[in-house]
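Residues take their numbers from the sequence shown, with the count starting at 1. Every heavy atom of this structure was used, including side-chain atoms; hydrogens, water molecules and symmetry mates were not.
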Amino acid sequence: MPDEFSRKETLISKYKYLIFDVDDTLLNFYAAFKSAQTAIAEKLNIAYSKEYMELDEKCGWKAWKESDLDNTNSLDIQKNYHTYYYQYVRNHYIHLLQELQMSADVDELVDCYLTTVTASKVLMEKNTLQVYETLSKHYRLTLATNGVNPMQTERVSAFLPFTHKLYVSESIGYIKPTKDFFQYIIQDLSCKPEECLMIGDSLTNDIIGASFIGMDVCYYNPRRKKKPDDITIHYEIQSIEELVNILL
């Protein structure tokens, strides 16, 4: 249809850059966490049981809440996010050993966790990489992720041949959803916010953060989570393949 063709031509001319979140948008972080759980159980020589999984997740959440890493509006968190992240991982396994009444080298467990997560590259959907490659033929694609640089760089290695720029919070010095994080990207790309479309699964880190500086946003919502009425969302998708229908 001429109108549909015209609309898509407008989008291609409007957006120069598609900015993708990584974890739980392109890559399945829960799969990485489960791999780390298995590796830690083997290292501790204990059964990988339902009870162990529940205990480990409880200890992980306890350490995460203690770290306050969700409080990204805090200036302290923004400044020290990556230091606190390593502390969170360490505290996770301190709690786990206490609950199991076991002794082990905590640094070895932390290294096992980081190494295993780094090696995990499970896609969110089986055709995620294919869609990403297809879009790269029409747009400049960038990756924007919170996390530690060596881990995230390795995890997205399959996407890098089709990627214009990779932005990892540890390497650029800012975290999502701060204005500084997205302003850094805009300045580095030498573009305007309205020339970018941010695609991500987090309403706070991706959608609100990008909207704050004037980017259009696409909410990746495969679980169909309810959205607050006061958040402007330009596109919403349940499958990554929907991007092809929207943008091409």
Side-chain angles (χ1 to χ4, degrees), residues 11-27 29 69-75 77-85 124 128-129 131-221 231-237 240 243 246-248:
L11 290 179
I12 291 175
S13 63
K14 176 181 181 181
Y15 301 130
K16 293 182 179 178
Y17 298 95
L18 304 183
I19 304 174
F20 283 85
D21 170 54
V22 173
D23 285 309
D24 294 328
T25 299
L26 298 178
L27 296 179
F29 185 79
L69 287 170
D70 275 334
N71 186 17
T72 49
N73 289 322
S74 163
L75 293 179
I77 295 295
Q78 292 174 15
K79 181 179 179 180
N80 300 294
Y81 182 92
H82 305 96
T83 298
Y84 293 158
Y85 176 81
M124 278 299 291
T128 296
L129 183 57
V131 170
Y132 190 87
E133 180 181 359
T134 298
L135 292 171
S136 73
K137 298 173 183 177
H138 303 272
Y139 302 89
R140 289 184 175 180
L141 307 189
T142 69
L143 300 172
T145 176
N146 282 347
V148 296
N149 192 51
M151 175 189 291
Q152 295 300 80
T153 301
E154 175 59 27
R155 293 182 69 230
V156 299
S157 58
F159 293 87
L160 293 181
F162 316 107
T163 299
H164 179 65
K165 286 287 184 74
L166 166 64
Y167 299 101
V168 182
S169 60
E170 185 180 43
S171 64
I172 69 174
Y174 306 111
I175 63 169
K176 293 187 291 182
T178 63
K179 182 178 180 180
D180 288 334
F181 181 94
F182 291 98
Q183 286 283 19
Y184 181 98
I185 293 176
I186 292 301
Q187 291 172 5
D188 188 62
L189 294 176
S190 298
C191 68
K192 300 175 182 178
E194 54 267 30
E195 294 176 317
C196 301
L197 177 66
M198 177 71 209
I199 302 152
D201 71 296
S202 171
L203 287 173
T204 301
N205 289 347
D206 303 318
I207 305 307
I208 294 176
S211 296
F212 190 70
I213 68 161
M215 288 185 186
D216 282 5
V217 293
C218 177
Y219 181 35
Y220 177 62
N221 187 19
I231 297 178
T232 298
I233 296 175
H234 301 87
Y235 312 96
E236 180 179 351
I237 57 174
I240 201 74
L243 285 174
I246 292 171
L247 296 170
L248 299 182

I'd like to check [X] versus [Y] (side-chain heavy atoms, cut-off strictly below 4.5 Å). Are they in contact?
X      : Y      : answer
Thr178 : Gln183 : no
Leu203 : Ile233 : yes
Met124 : Thr25  : no
Cys191 : Tyr17  : yes
Phe159 : Leu166 : no
Thr232 : Ser211 : no

Roughly how far, to the nearest 0.5 Å, is the [atom2] atom of [Y] from the [atom1] atom of [X]?
X      : Y      : atom1 : atom2 : answer
Ile19  : Cys196 : CD1   : SG    : 4.0 Å
Ile213 : Ile186 : CD1   : CD1   : 4.5 Å
Leu197 : Lys16  : CG    : NZ    : 15.0 Å
Met215 : Ile199 : CE    : CD1   : 11.0 Å
Met198 : Asn205 : CE    : CG    : 9.0 Å
Lys137 : Phe162 : NZ    : CZ    : 8.5 Å

Indicate whether any N or O donor in one side chain lies under 3.5 Å from an N or O acceptor in the other, for [X] and [Y].
X      : Y      : value
Asp216 : Tyr15  : yes
Gln152 : Thr145 : yes
Asn149 : Glu170 : no

Determine whether a donor-acceptor pair (N or O, by modelled atom type, separation under 3.5 Å) exists between the side chain of [X] and the backbone of [Y].
X      : Y      : result
Lys179 : Phe212 : no
Tyr139 : Leu247 : yes
Gln78  : Thr72  : yes
Ser136 : Glu133 : yes
Thr153 : Pro150 : no
His234 : Val217 : yes
Asp206 : Asp201 : yes

Test side chain to side chain contact (heavy atoms under 4.5 Å, CB included) applied to Thr142 and Leu189, step by step:
CA-CA 10 Å; Thr142 69; Leu189 294 176; 4.2 Å; yes
Taking every heavy atom of His82 against every heavy atom of Ser169, the minimum-distance pair comes out as NE2-OG, 2.7 Å
Any idea which heavy atoms bring Leu129 and Ala158 closest together, and the distance?
CD1-O, 3.6 Å
Can you name the residues that form a salt bridge (charged side-chain N to carboxylate O under 4.0 Å, His left out) with Lys165, not counting sequence neighbours?
Asp188
Ring centres of Tyr132 and Phe20 under 6.0 Å apart?
yes
Side chain to side chain contact (heavy atoms under 4.5 Å, CB included) evaluation trace for Leu243 with Cys218
CA-CA 9 Å; Leu243 285 174; Cys218 177; 3.9 Å; yes
Of all residues at least two apart in sequence or in a different chain, which pass the ring-ring contact (aromatic ring centres under 6.0 Å, His included) check with Tyr167?
none
